Trainee: 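Attaching a single structure in structure tokens format; questions to follow.
Bear in mind the structure is a predicted one, so any value in this text is a computation, not a measurement. Atoms considered below: every heavy atom in the structure, side chains included; atoms not considered: hydrogens, waters and symmetry mates. Here is how names work: the chains are called A, B, and so on, in the same order as the sequence lines, proteins then strands, and each is numbered from 1.
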Number of protein chains: 2
Amino acid sequence: MTNIKDLAKMAGVSVSTVSRVLNNYPFVKEEKRMAVLKAIKDSNYQKNINAVHLSKGKTQMIGVVLPFSDYPYFALLLKGISKQAYKYNYKLLLFQTDYMESREIEALKMLKQKQIDALIICSRTCNWSTIEEHLLFGPIVLCENVNKKLVSTTFVNHYKIFYDALEYLYHKGHQRIGYCIGRKSGASSVKRNSAYRDFINQYNLPDNHDYIFDDCLEIDDGEKVVQYIKKMDTPPTALLVTNDQAAAGILTACQKAKISIPDELAIIGFNNEPISKIMNITTIEIPLEKIGNNLFLQALSGEISNQEIAVNLIERGTV
Amino acid sequence: MTNIKDLAKMAGVSVSTVSRVLNNYPFVKEEKRMAVLKAIKDSNYQKNINAVHLSKGKTQMIGVVLPFSDYPYFALLLKGISKQAYKYNYKLLLFQTDYMESREIEALKMLKQKQIDALIICSRTCNWSTIEEHLLFGPIVLCENVNKKLVSTTFVNHYKIFYDALEYLYHKGHQRIGYCIGRKSGASSVKRNSAYRDFINQYNLPDNHDYIFDDCLEIDDGEKVVQYIKKMDTPPTALLVTNDQAAAGILTACQKAKISIPDELAIIGFNNEPISKIMNITTIEIPLEKIGNNLFLQALSGEISNQEIAVNLIERGTV
DNA sequence: TTGTATGCGTTATCAT
DNA sequence: ATGATAACGCATACAA
């Protein structure tokens with residue numbers, strides 16, 4: 001492998017001049033520039049990017065932490081991030097964590113070790129203090145509303161969205177409303193739960209813990225929810241399902257179980273994933289690709305900002 | 001930022017000893033090891049990984065080229081790759097290409113520049129010769145059957161699978177069989193087309209170009225296929241649809257259009273994506289996660305091998 | 001078991 | 001406009 005030293009020798013100039021040519025500096029005599037260019041061509045030279053990284057202390061790489069890449073929610077987020085990354089000539093280093101804290105910490109360590117210039121965490125598992133410790137080493141961007149002012153965030157207001165959706169169902173005549181979430185311990189789940197409790201109290205509705213289902217992450221998870229509901233004496237008449245995959249699974253399971261949608265059970269999904277369109281599921285559109293764009297730009301700029309993104313109810317056939 | 005030189009000073013040893021401690025070498029006196037460990041702790045030292053990369057000439061990073069990360073086919077492939085990457089302590093650098101050759105070439109360039117130790121191309125757009133030129137710089141692994149012996153590959157036999165599926169439908173009584181593919185120019189599409197033509201000839205069936213639909217990549221694409229079929233005088237009675245997303249879209253559109261499945265139209269999907277299960281779509285299971293595993297291991301080993309992966313017909317309700 | 005010296009390939013500073 | 005030289009931070013061959 002030839003390096004700039006070799007090029008310098010071949011072209012009869014110094015390494016600095018080679019570097020200048022390589023990086024399109026002005027103030028290089030055309031004659032010498034040509035000589036360098038010729039040497040580059042003759043030697044089939046390729047820059048060793050690791051040397052650049054070391055010298056500059058930057059890598060033009062940004063880390064992306066997400067639990068699963070094969071869930072539409074995260075895939076869409078990633079798509080948005082990718083598009084901006086390409087635009088700004090950054091590369092993405094992927095950390096698929098399966099919600100394991102240790103892997104998230106590994107990503108943070110990469111920031112510390114300067115392998116990445118910034119880190120985007122699409123779904124956090126570790127403590128805030130762990131994040132805080134790593135803030136010194138580069139920008140960290142989160143996809144949730146933390147009320148600390150030390151990190152950039154792009155988020156939706158899970159509390160308000162949930163509360164509004166519950167009221168929407170209430171005004172459609174529903175009194176027994178349940179919901180399905182992914183992880184019980186997730187940051188958004190906590191906010192949704194508090195919205196649910198406030199709603200229940202506000203409208204004086206019965207507080208039935210059986211109406212809350214967790215571990216609803218993918219399409220297959222719908223079946224068990226419907227099985228459970230079928231056995232209930234007073235099942236919910238409406239369900240908020242925090243992703244359209246699970247909503248689709250529930251819808252399909254209901255069709256099999258001859259539960260009429262929306263008459264016997266109303267469903268509101270989340271995200272407006274492609275499946276919700278063809279299955280005609282009423283859903284709350286979260287502009288994930290746009291959020292992804294935002295996350296990247298925040299990671300890139302380094303300046304701290306906190307942006308709330310609006311969502312949009314798409315009324316289709318399941319309410 | 002403190003470096004090993006600083007540590008050496010703090011611990012009263014040489015940089016090599018520090019390096020030895022850092023990398024768990026034997027033959028370091030416990031006393032000095034402790035001193036170094038203390039210095040590491042006191043200084044909150046972190047290794048600069050870029051220096052390691054430069055010094056070693058390797059990065060423990062492997063590139064992954066795929067057109068879209070939000071299609072289940074590629075997401076599942078990526079999942080398999082990710083799992084192995086984690087296991088072997090490698091990081092993945094993601095290149096989302098949107099099928100643009102220039103981006104694929106950029107990934108190849110990263111190999112040349114030593115930013116990645118190997119490259120996995122999940123779906124190729126560039127010419128073989130372009131691949132060949134970059135083979136000097138590190139292992140390149142493909143997810144298709146090229147009959148060159150210079151790269152590792154993990155693949156399924158698209159020709160045989162397609163031919164077998166066509167015969168399967170034929171023996172179920174179908175004579176007018178069509179198919180839907182993604183990109184007309186993709187490597188697999190070419191093989192599928194030749195299987196189709198051979199099948200048509202073998203069984204003396206009419207060769208109707210209208211039975212071939214391309215640009216069927218996602219769930220939304222089903223609608224236009226059904227619209228088109230509805231207008232045909234002699235529509236196909238069976239359809240091979242090369243991904244379950246499109247198959248699901250077609251199935252749904254048929255339900256709306258009151259086309260009875262499988263009586264009026266039989267459908268075989270591909271990949272056994274989650275959606276095919278809940279929609280009860282007969283599909284050809286391609287073990288994508290397993291293929292992903294394989295691709296990574298091939299990239300890691302550097303030894304060239306070519307492995308065919310078997311597929312599996314899952315008979316459900318659409319044939 | 002430990003230390004010295006050199007290499008890895010660039011970029012950046014400074015002098016000319 | 002150009003060149004010499006010092007970072008950048010670590011690994012490693014070699015000497016001791």
Side-chain angles (χ1 to χ4, degrees), chain A residues 1-40 43-61 109-117 137-138, chain B residues 1-40 43-61 109-117 137-138:
Chain A
M1 290 272 67
T2 96
N3 56 28
I4 53 171
K5 218 168 172 177
D6 300 329
L7 290 182
K9 208 170 290 174
M10 291 171 69
V13 299
S14 72
V15 290
S16 340
T17 300
V18 175
S19 181
R20 290 189 186 102
V21 173
L22 246 25
N23 298 290
N24 294 313
Y25 266 67
F27 313 131
V28 176
K29 206 177 271 175
E30 204 50 27
E31 187 185 315
K32 302 208 174 189
R33 180 188 301 282
M34 287 309 183
V36 173
L37 257 23
K38 183 177 182 315
I40 290 173
S43 63
N44 193 25
Y45 166 81
Q46 262 303 323
K47 193 182 274 200
N48 181 327
I49 208 83
N50 293 316
V52 179
H53 292 166
L54 174 60
S55 184
K56 291 205 166 183
K58 308 244 156 172
T59 59
Q60 292 275 115
M61 290 172 37
K109 193 171 154 195
M110 293 295 109
L111 187 63
K112 210 171 175 182
Q113 295 187 162
K114 291 174 168 296
Q115 178 148 21
I116 49 180
D117 296 342
F137 306 106
Chain B
M1 289 270 72
T2 95
N3 56 29
I4 53 171
K5 218 169 172 179
D6 300 330
L7 289 181
K9 208 169 290 172
M10 292 171 68
V13 299
S14 73
V15 290
S16 4
T17 300
V18 174
S19 181
R20 288 186 189 106
V21 173
L22 244 26
N23 297 291
N24 293 314
Y25 267 67
F27 312 132
V28 175
K29 204 177 272 175
E30 204 49 28
E31 187 186 315
K32 301 210 174 192
R33 180 188 302 282
M34 286 311 182
V36 173
L37 256 25
K38 182 176 183 316
I40 290 173
S43 64
N44 194 23
Y45 166 81
Q46 263 303 324
K47 195 182 274 201
N48 181 325
I49 209 80
N50 293 315
V52 179
H53 292 165
L54 174 60
S55 184
K56 291 204 168 185
K58 308 243 154 172
T59 59
Q60 293 275 113
M61 289 172 37
K109 193 171 153 196
M110 292 297 107
L111 188 64
K112 210 172 175 182
Q113 295 188 162
K114 292 176 169 295
Q115 179 149 20
I116 49 180
D117 297 341
F137 306 105

Trainee: Under a 4.0 Å heavy-atom cut-off, which of residues 28-36 of chain B touch DNA chain C?
Mentor: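 Contacts with DNA chain C under 4.0 Å: B/V28, B/K29, B/K32.
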
Trainee: Atom OG of B/S43 and atom CG of B/L7: how far apart are they, to the nearest 0.5 Å?
Mentor: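 The OG atom of B/S43 sits 4.5 Å away from the CG atom of B/L7.
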
Trainee: To the nearest Å, how far apart are B/L7 CG and D/dA11 P?
Mentor: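 To the nearest whole Å, that distance equals 11 Å.
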
Trainee: Side-chain N or O of A/T17 less than 4.0 angstrom from OP1 or OP2 on D/dG3?
Mentor: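 True: A/T17 side-chain N/O within range (under 4.0 Å) of D/dG3 OP1/OP2.
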
Trainee: Using the C1' atoms of the five pairs at each end, what is the angle between the end axes of the helix from C/dT1-D/dA16 to C/dT16-D/dA1, to 10°?
Mentor: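 Answer for the end axes of this duplex: 40°.
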
Trainee: Do you know which two heavy atoms are closest between A/D117 and A/K58, and how far apart they sit?
Mentor: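 So the minimum-distance heavy-atom pair works out to OD1-CA, 3.5 Å.
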
Trainee: Can you see which heavy atom on B/S14 is nearest to which on B/A8, and at what distance?
Mentor: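 Residues B/S14 and B/A8, closest heavy atoms: C-CB, 3.7 Å.
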
Trainee: Using whole Å, what does the distance between atom P of nucleotide D/dA7 and atom CG of B/D6 come to?
Mentor: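 Distance check: B/D6 CG to D/dA7 P gives 13 Å.
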
Trainee: To the nearest angstrom, how far is A/K58 atom NZ from D/dG9 atom P?
Mentor: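 Nearest whole value for this atom pair: 14 Å.
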
Trainee: Check A/Y45 against A/T2 and note the closest heavy-atom contact, atom names and distance.
Mentor: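 In terms of heavy atoms, the two residues are closest at CD1-O, 3.3 Å.
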
Trainee: Return the CG to OG1 distance between B/L22 and B/T17, rounded to the nearest 0.5 Å.
Mentor: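 Atom-to-atom, B/L22:CG and B/T17:OG1 are 11.5 Å apart.
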
Trainee: Between atom CE of B/M1 and atom CG of B/N44, what is the distance when rounded to the nearest 0.5 Å?
Mentor: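 Rounded to the nearest 0.5 Å, the CE-CG separation comes out at 7.0 Å.
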
Trainee: Using atom CZ of A/F27 as one end and atom C1' of C/dA15 as the other, report the distance to the nearest whole Å.
Mentor: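 It works out to 17 Å between those atoms.
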
Trainee: Using nucleotides 8-12 of chain C, report all nitrogen or oxygen pairs with the protein that are shorter than 3.5 Å.
Mentor:
residue: C/dT10; atom: OP1; partner: A/Y45; partner atom: OH; Å: 2.5
residue: C/dT10; atom: OP1; partner: A/N48; partner atom: N; Å: 2.9
residue: C/dT10; atom: OP2; partner: A/I4; partner atom: N; Å: 2.8
residue: C/dT10; atom: O5'; partner: A/Y45; partner atom: OH; Å: 3.2
residue: C/dT10; atom: O2; partner: A/S55; partner atom: OG; Å: 3.2
residue: C/dT11; atom: OP1; partner: A/N23; partner atom: OD1; Å: 3.4
residue: C/dT11; atom: OP1; partner: A/N23; partner atom: ND2; Å: 3.3
residue: C/dT11; atom: OP1; partner: A/K47; partner atom: NZ; Å: 3.4
residue: C/dT11; atom: OP2; partner: A/S19; partner atom: OG; Å: 2.8
residue: C/dT11; atom: OP2; partner: A/N23; partner atom: ND2; Å: 3.3
residue: C/dT11; atom: O4'; partner: A/S55; partner atom: OG; Å: 2.7

Trainee: Going by salt bridge (Lys or Arg N to Asp or Glu O under 4.0 Å), name the residues that satisfy it together with B/K109, two or more places apart in sequence or in a different chain.
Mentor: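 If we apply the salt bridge (Lys or Arg N to Asp or Glu O under 4.0 Å) test to B/K109, skipping adjacent residues, there are no hits.
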
Trainee: Between B/M61 and A/M61, does a side chain to side chain contact (heavy atoms under 4.5 Å, CB included) hold up when you go through it step by step?
Mentor: CA-CA 12 Å; B/M61 289 172 37; A/M61 290 172 37; 3.8 Å; yes

Trainee: Side chains of residues 46-57 of chain A: which donor-acceptor pairs under 3.5 Å do they make with residues two or more places apart or in other chains?
Mentor:
residue: A/K47; atom: NZ; partner: A/N23; partner atom: OD1; Å: 3.2
residue: A/N48; atom: OD1; partner: A/N50; partner atom: N; Å: 2.8
residue: A/N48; atom: OD1; partner: A/A51; partner atom: N; Å: 3.4
residue: A/N50; atom: ND2; partner: B/K114; partner atom: O; Å: 2.9
residue: A/H53; atom: NE2; partner: A/T59; partner atom: O; Å: 3.3

Trainee: Could you give me the CA-CA distance, side-chain angles and deciding distance for A/V15 and A/N3, then say whether side chain to side chain contact (heavy atoms under 4.5 Å, CB included) is met?
Mentor: CA-CA 10 Å; A/V15 290; A/N3 56 28; over 6 Å; no

Trainee: Can you list everything that forms a salt bridge (Lys or Arg N to Asp or Glu O under 4.0 Å) with A/R33? Sequence neighbours excluded, please.
Mentor: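 Checked A/R33 against salt bridge (Lys or Arg N to Asp or Glu O under 4.0 Å); matches are A/E30.
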
